[in-house]
Undergrad: 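Have a look at this one.
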Amino acid sequence: MTTKRALADEPPTLTIAQVAERTGLSADTLRYYEKAGLIERVGRNTGNQRRYAASDLAWLEFLLRLRETGMSIAEMQRFAQLRAMGDTSVGDRLVMLREHRVALGERIAALLADAGAVDEKINHYEQLRSKQQETDQE
């Protein structure tokens with residue numbers, strides 16, 4: 001028998017709609033992430049509706065950071081598999097994250113170089129426009 005005290009002690013959970021709103025992912029994407037093994041099977045309530053715990057949300061937020069930084073779904077799946085293995089895979093996860101960080105640093109450097117090229121072009125066009133305005137005023 002469940003008592004009011006026992007319910008109060010249970011950590012709060014979120015519905016799929018609430019998680020979708022918080023993460024910006026659609027409910028379909030959340031279901032796909034579960035089916036693809038990116039997230040472990042989410043707990044369910046008595047009505048068989050998904051109920052996400054705080055730990056599920058924290059993991060999803062980290063997955064989104066990996067995705068945002070360019071990690072492929074296949075790499076994310078591998079990382080999730082390693083995570084599911086527990087402490088025995090810490091070394092492998094560390095290697096993966098270090099390699100990803102190196103690749104991320106290379107992407108950042110390339111983006112900074114691209115931004116510099118765009119800045120140069122902006123300066124070029126600003127100078128052209130300034131010369132046109134001077135000519136128009138004469």
Undergrad: Just wondering, do E75 and M96 contact through their side chains at under 4.5 Å, heavy atoms?
TA: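 A side-chain contact under 4.5 Å exists here.
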
Undergrad: Do M71 and R65 come within less than 4.5 Å of each other through their side chains, counting heavy atoms only?
TA: no

Undergrad: How far does CG of D119 sit from CD of E126, to the nearest 0.5 angstrom?
TA: 9.5 Å

Undergrad: Should E61 and R22 count as an ion pair when the cut-off is N to O under 4.0 Å?
TA: no

Undergrad: Within a reach of under 6.0 Å around CD of E40, are more than 12 heavy atoms found that belong to other residues, nucleotides or ligands?
TA: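 Counting neighbours around CD of E40, 12 or fewer heavy atoms of other residues, nucleotides or ligands fall under 6.0 Å, so no.
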
Undergrad: Would you give the length of the straight line joining atom CG of L128 to atom CG of N123, rounded to the nearest 0.5 angstrom?
TA: 11.0 Å

Undergrad: Distance-only, no hydrogens or angles: does the W59 side chain make a donor-acceptor pair with backbone N or O of A80 under 3.5 Å?
TA: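 No, W59 side chain to A80 backbone: no donor-acceptor pair under 3.5 Å.
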
Undergrad: Are more than 12 heavy atoms, taken from residues, nucleotides or ligands other than E21, located less than 6.0 Å from that residue's CD atom?
TA: no

Undergrad: Quick check against the 3.5 Å criterion: does Q77 have a side-chain atom that pairs as donor or acceptor with the backbone of A36?
TA: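 Between the backbone of A36 and the side chain of Q77 there is a qualifying donor-acceptor contact (under 3.5 Å).
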
Undergrad: Answer yes or no: is there a side-chain heavy-atom contact under 4.5 Å between L25 and V19?
TA: no

Undergrad: Would you say that Y52 contacts T13 through its side chain, given a criterion of any heavy-atom pair below 4.5 Å between the two side chains?
TA: no

Undergrad: Does L82 share a hydrophobic cluster with L94, counting links as ILVMFWY side-chain heavy atoms below 4.5 Å and allowing steps through other members?
TA: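 Cluster IDs for L82 and L94 differ.
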
Undergrad: Would the number of heavy atoms belonging to other residues, nucleotides or ligands and lying under 6.0 Å from CD of Q133 be above 12?
TA: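 Yes - once you tally the heavy atoms of other residues, nucleotides and ligands closer than 6.0 Å, there are more than 12.
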
Undergrad: Between I73 and Y32, is there a side-chain heavy-atom distance shorter than 4.5 Å?
TA: yes

Undergrad: Among the clusters formed by ILVMFWY side chains lying less than 4.5 Å apart, do L97 and L104 turn up in the same one?
TA: no

Undergrad: What do you reckon, is CZ of R101 surrounded by more than 12 foreign heavy atoms closer than 6.0 Å?
TA: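 Counting other residues, nucleotides and ligands, CZ of R101 stays at 12 neighbours or fewer.
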
Undergrad: Test side chain to side chain contact (heavy atoms under 4.5 Å, CB included) on I16 and R31; report intermediate values, then the result.
TA: CA-CA 9 Å; I16 196 167; R31 289 184 200 98; 4.0 Å; yes

Undergrad: List the atom of A27, the atom of A20, and the distance in Å for their closest heavy-atom pair.
TA: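 That closest heavy-atom pairing would be N-CB, 4.2 Å.
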
Undergrad: So F79 and F62, would you call those rings parallel, tilted or perpendicular, with 30° and 60° as cut-offs?
TA: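 Tilted.
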
Undergrad: Could you tell me if the side chain of R51 sits less than 4.5 Å from the side chain of V42, heavy atoms only?
TA: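 Heavy-atom side-chain distance check fails, nothing below 4.5 Å.
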
Undergrad: CG/L14 to OG1/T23 distance, rounded to the nearest 0.5 angstrom?
TA: 10.0 Å

Undergrad: Find the distance between OH (Y33) and CG (L63) and round it off to the nearest 0.5 Å.
TA: 6.5 Å

Undergrad: Side chain of D92, backbone of S89: donor and acceptor closer than 3.5 Å?
TA: no

Undergrad: Do T69 and H100 have side-chain heavy atoms sitting under 4.5 Å apart?
TA: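 Yes - at least one pair of side-chain heavy atoms lies under 4.5 Å apart.
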
Undergrad: Once rounded to the nearest 0.5 Å, what's the spacing between atom CG of L57 and atom CD of Q18?
TA: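 Between L57 CG and Q18 CD, I get 10.5 Å after rounding to 0.5 Å.
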
Undergrad: With side chain to side chain contact (heavy atoms under 4.5 Å, CB included) as the test, pick out the partner of R93 among R98, R83, M85.
TA: R83

Undergrad: How many angstroms lie between atom CG of L64 and atom CE of M76, to the nearest 0.5 angstrom?
TA: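 Atom-to-atom, L64:CG and M76:CE are 7.0 Å apart.
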
